[in-house]
Novice: 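Handing you this structure, nothing more for now.
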Amino acid sequence: MVRLIDLAFQKLELILNEMSEEALKSLDMLAYFKKHHTAKELKEISDKLRKLKEEAGELILEILVRYQPMATDLRFAKSAMEISYDLYRISRYSYDIALALDEANLSLDECIDADVQNNIEKVKSMLNLTIKAMLERNKDLAIEIKNMDQVIDKAYKEYFYKALVYKGGKCSIANLLIMRYLERIADHCAYIADEILFVIKGSK
Amino acid sequence: MENYVFEIDHLNVWIENKHILKDICNLKIPKNTIFAIMGPSGSGKSTFLKLLNRLLELKKNVKIEGEIKFYGQDIFKIDPIRLRRRVGIVFQQPNPFYHMSIFDNVAYALKANGLIKNKADLINAVTEALIRANLYDEVKDRLNKPASVLSGGQQQRLVIARALALKPEVLLLDEPTSQIDVVGARKIEELLISLKEQITIILVSHTPQQAARISDYVALFYDGRLVEWGQSENIFTYPKNELTEKYVAGRI
């Protein structure tokens, strides 16, 4: 028999799935960055995710009040709140990258260097894995994502120290900013991984 | 040892040859907490509760094996009357003496136990018990009215006041809010939380939600067995046993 709370959770999962797809789309769009056009589209995605996050928040509040969930249900409700925020932040950082490039009047292919390009790909695959781990509630994938975050952190730190001594003009500033935003996106993937672990085993 | 009010081990109970409680092991009830016992109907919760102040022995054909210690002492070696004075009980259905006045309902418990010597002490003790039960303000102007004029929730608090008048160290409550409306139930829950500073409360609860709201520790009984017990926060967030998970999430 389907519990009433399951119907509400189905609705919540639909929202999270939509948010995941949009967050992924925002990172994909960065790879094909076309100056003003892309920044505008990314803003629209980010705004959409903010609204979906609010929708998810209201639904979770309703679930908590109406059904008083326990155990796995309670953990999922709590985690969904965090995950929806993380997905929104990922889209917002994608927009921030586009904005940084836009304001400097740059496109990615004009001055992006190999390290940054490499990190964009890594973070994209990390987000893909994060979404897969979330859908499958996969503990092993969640742990893998946390390990990937450490690699991205390290790459950013190395790039940062390299940039300190390199006088490369606005391209180097843009690259550093992108690396920083990618590092934050990776952090949010790791936070989602923490939430997945919490849902599965009750601790992060 | 004194941190635990009750310690239960290898407990088995049969009633008329039916095995009701099955090997309840290593269950410890900490002092000054609300300890909730939950489980579906027929899981042995009420039987377990009645054991703790030796009310179960009043039934015929009861066989008990195992250990129940009250502050380290075997309860079966304590005089049951003395034990019941220290371990009060409140049942599901409010059971005041309807024909008696509100005042006399509480006074009766004190008089019957020979605890009061004069009228002034009696008035003080009744007032104190009603205050402790969060009922005094609602009934102070009609103490001489019969208990039957009170609402269900007030009647249950009157029964709690009657139990508290004897200054028990432990209060056992068997689904005390199941027959009461939402407002009355909320007042009783608030009362129990305020009481745990002074006494230990062991509560059989009919809903996991109530246990989650007010208990510090919780145990799940299922088919006469103790499935799991521990701190409520852990049990309701991450139960270790699959059966507990299913029960609290409403999947069984």
Side-chain angles (χ1 to χ4, degrees), chain A residues 1-13 16 56-57 59-86 133-143 146 191-204, chain B residues 34-41 43 45 175 177-178 181-183 185-186 188-190 192-193 203-222 226-252:
Chain A
M1 195 171 72
V2 179
R3 300 173 307 156
L4 289 174
I5 195 174
D6 289 332
L7 299 174
F9 276 145
Q10 279 170 17
K11 207 169 151 190
L12 182 59
E13 277 173 359
L16 290 181
L59 181 57
I60 292 162
L61 189 63
E62 190 187 323
I63 288 170
L64 292 172
V65 173
R66 194 181 285 235
Y67 305 109
Q68 300 178 17
M70 302 274 184
T72 308
D73 295 335
L74 176 63
R75 300 201 301 278
F76 177 64
K78 281 168 80 178
S79 292
M81 185 87 89
E82 300 295 330
I83 289 171
S84 67
Y85 174 73
D86 290 318
M134 197 173 83
L135 293 174
E136 295 173 2
R137 295 197 183 177
N138 187 323
K139 188 171 78 177
D140 296 332
L141 278 185
I143 292 167
K146 289 180 68 156
Y191 299 155
I192 293 174
D194 275 337
E195 295 303 327
I196 294 163
L197 291 174
F198 177 65
V199 172
I200 298 167
K201 62 190 188 81
S203 60
K204 294 182 183 176
Chain B
I34 298 181
F35 194 108
I37 298 164
M38 57 181 185
S41 299
S43 58
K45 311 181 294 289
E175 301 192 13
T177 60
S178 63
D181 68 78
V182 181
V183 177
R186 196 193 68 224
I188 287 175
E189 288 179 6
E190 288 166 353
L192 297 182
I193 288 171
L203 164 83
V204 167
S205 182
H206 59 295
T207 69
Q209 281 76 14
Q210 181 182 60
R213 270 197 302 277
I214 64 171
S215 70
D216 303 292
Y217 289 83
V218 66
L220 174 68
F221 279 51
Y222 194 89
L226 172 64
V227 177
E228 186 175 355
W229 74 276
Q231 287 191 315
S232 302
E233 196 184 332
N234 296 335
I235 300 276
F236 289 117
T237 308
Y238 187 64
K240 289 185 173 60
N241 191 290
E242 200 182 334
L243 199 57
T244 315
E245 161 80 40
K246 283 182 178 169
Y247 180 74
V248 298
R251 291 194 171 93
I252 46 173

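So you know, we letter chains A, B, ... as the sequences are listed, proteins then strands, and number each from 1.
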Novice: Tell me, yes or no, whether the heavy-atom count around Glu136(A) atom CD, taken from other residues, nucleotides or ligands under 6.0 Å, exceeds 12.
Specialist: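 Yes.
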Novice: Can you find a pair of side-chain heavy atoms, one from Asp73(A) and one from Arg251(B), that are under 4.5 Å apart?
Specialist: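 Yes, at least one pair of side-chain atoms sits under 4.5 Å.
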Novice: With side-chain contact (heavy atoms from CB on, under 4.5 Å) as the test, would you mind laying out the steps for Arg213(B) and Gln68(A) before giving the verdict?
Specialist: CA-CA 10 Å; Arg213(B) 270 197 302 277; Gln68(A) 300 178 17; 3.7 Å; yes
Novice: Under 6.0 Å from the CD atom of Glu190(B), do we count more than 12 heavy atoms belonging to anything else shown?
Specialist: yes
Novice: Just so I understand: if I count every heavy-atom pair under 4.5 Å between each of Ala249(B), Ala212(B), Pro208(B), Pro239(B) and chain A, which residue has the most?
Specialist: Ala249(B)
Novice: When you look at OH of Tyr222(B), are more than 12 heavy atoms from neighbouring residues, nucleotides or ligands closer to it than 6.0 Å?
Specialist: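 Not buried by this count: 12 neighbours or fewer within 6.0 Å.
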Novice: Quick one, Gln209(B) and Met70(A) - any side-chain contact, counting heavy atoms below 4.5 Å?
Specialist: yes
Novice: Taking all atoms of both residues into account, what is the closest heavy-atom pair of Gly250(B) and Arg3(A), and its distance?
Specialist: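 Looking at all heavy atoms of both residues, the closest pair is O-CD, 3.6 Å.
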Novice: When you look at NZ of Lys201(A), are more than 12 heavy atoms from neighbouring residues, nucleotides or ligands closer to it than 6.0 Å?
Specialist: yes
Novice: Let me know if Leu4(A) has heavy atoms under 4.5 Å from chain B in its side chain, its backbone, both or neither.
Specialist: neither
Novice: Is Phe198(A) in contact with chain B via its backbone, its side chain, both, or neither, using a 4.5 Å heavy-atom distance?
Specialist: side chain
